[in-house]
Q: 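What follows is a single structure, and I will ask about it in a moment.
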Amino acid sequence: MTTFDKREQGFEAKFVHDEELMFRATARSNRLLGLWAAGQLGLSGDAATSYATALATDHLESRTMDEVLDKVSGDLAAKGVAREQVAAKFQECLHQAVQQLEAKE
């Protein structure tokens, strides 16, 4: 195996690791956002957990960040929570999720 092959394998491994980390961070941040949104909606206990789990798992591979924001913003519109607030909370949750995952490694 040449140095180039080893380097290529290293880049491929890093890419796989980064993609896996982003996938897990997205799922975790969606769950954190779901728990926050559930609290804003007045949900607690199993209802809050179900809402957060659904947000984290429903169409996880195909759902974009905008679709998640649309869903949560729509759910919270009646409570007077603006999309910008939801987007800011989403960024906070994503940052928190990445920190949690990196701490586990």
Q: In this structure, would L101 and L33 fall into the same cluster of hydrophobic residues linked by side-chain contacts under 4.5 Å?
A: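 No, L101 does not connect to L33 through the hydrophobic network.
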Q: Going by side chain to side chain contact (heavy atoms under 4.5 Å, CB included), name the residues that satisfy it together with T53, two or more places apart in sequence or in a different chain.
A: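 Here the qualifying residues are R31, T49, T57.
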Q: Just so I know, are the side chains of D46 and Y51 near enough to count as touching, which here means a heavy-atom distance under 4.5 Å?
A: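 Counting from C-beta outward, D46 and Y51 never come under 4.5 Å.
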Q: So if you build clusters from Ile, Leu, Val, Met, Phe, Trp, Tyr with side-chain heavy-atom gaps below 4.5 Å, do L55 and W36 land together?
A: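 Yes; W36 is reachable from L55 via cluster members.
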Q: Give the minimum heavy-atom separation between A25 and A97, together with the two atoms involved.
A: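 The answer is O-CB, 3.6 Å.
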Q: Is F23 close to T26 at the side-chain level, that is, under 4.5 Å between some pair of heavy atoms?
A: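 Side chain of T26 against side chain of F23, heavy atoms only: no contact under 4.5 Å found.
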Q: Please list every donor-acceptor pair under 3.5 Å in which a side-chain atom of residues 83-91 meets a protein atom from a residue at least two apart or in another chain.
A:
unit_1	atom_1	unit_2	atom_2	d
R83	NH1	D70	OD1	2.4
R83	NH2	D66	OD1	3.4
Q85	OE1	A82	N	2.8
K89	NZ	E92	OE2	3.0

Q: Treat each ILVMFWY residue as a node, draw an edge where side-chain heavy atoms are under 4.5 Å apart, and state whether M65 and L76 are in one component.
A: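 Per the 4.5 Å side-chain linkage, M65 and L76 are co-clustered.
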Q: By salt bridge (charged side-chain N to carboxylate O under 4.0 Å, His left out), which residues pair with K14, not counting sequence neighbours?
A: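 K14 satisfies salt bridge (charged side-chain N to carboxylate O under 4.0 Å, His left out) with D18 once adjacent residues are dropped.
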Q: Output all residues satisfying side chain to side chain contact (heavy atoms under 4.5 Å, CB included) with Q99, sequence neighbours left out; order by chain, then residue number.
A: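 Q99 satisfies side chain to side chain contact (heavy atoms under 4.5 Å, CB included) with H95 once adjacent residues are dropped.
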Q: Please walk me through it: do K71 and E67 pass salt bridge (Lys or Arg N to Asp or Glu O under 4.0 Å)?
A: CA-CA 6 Å; K71 161 89 172 100; E67 291 172 331; over 6 Å; no
Q: Given side chains that start at C-beta, do those of V16 and F11 come closer than 4.5 Å, heavy atoms only?
A: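 Side-chain contact under 4.5 Å: no.
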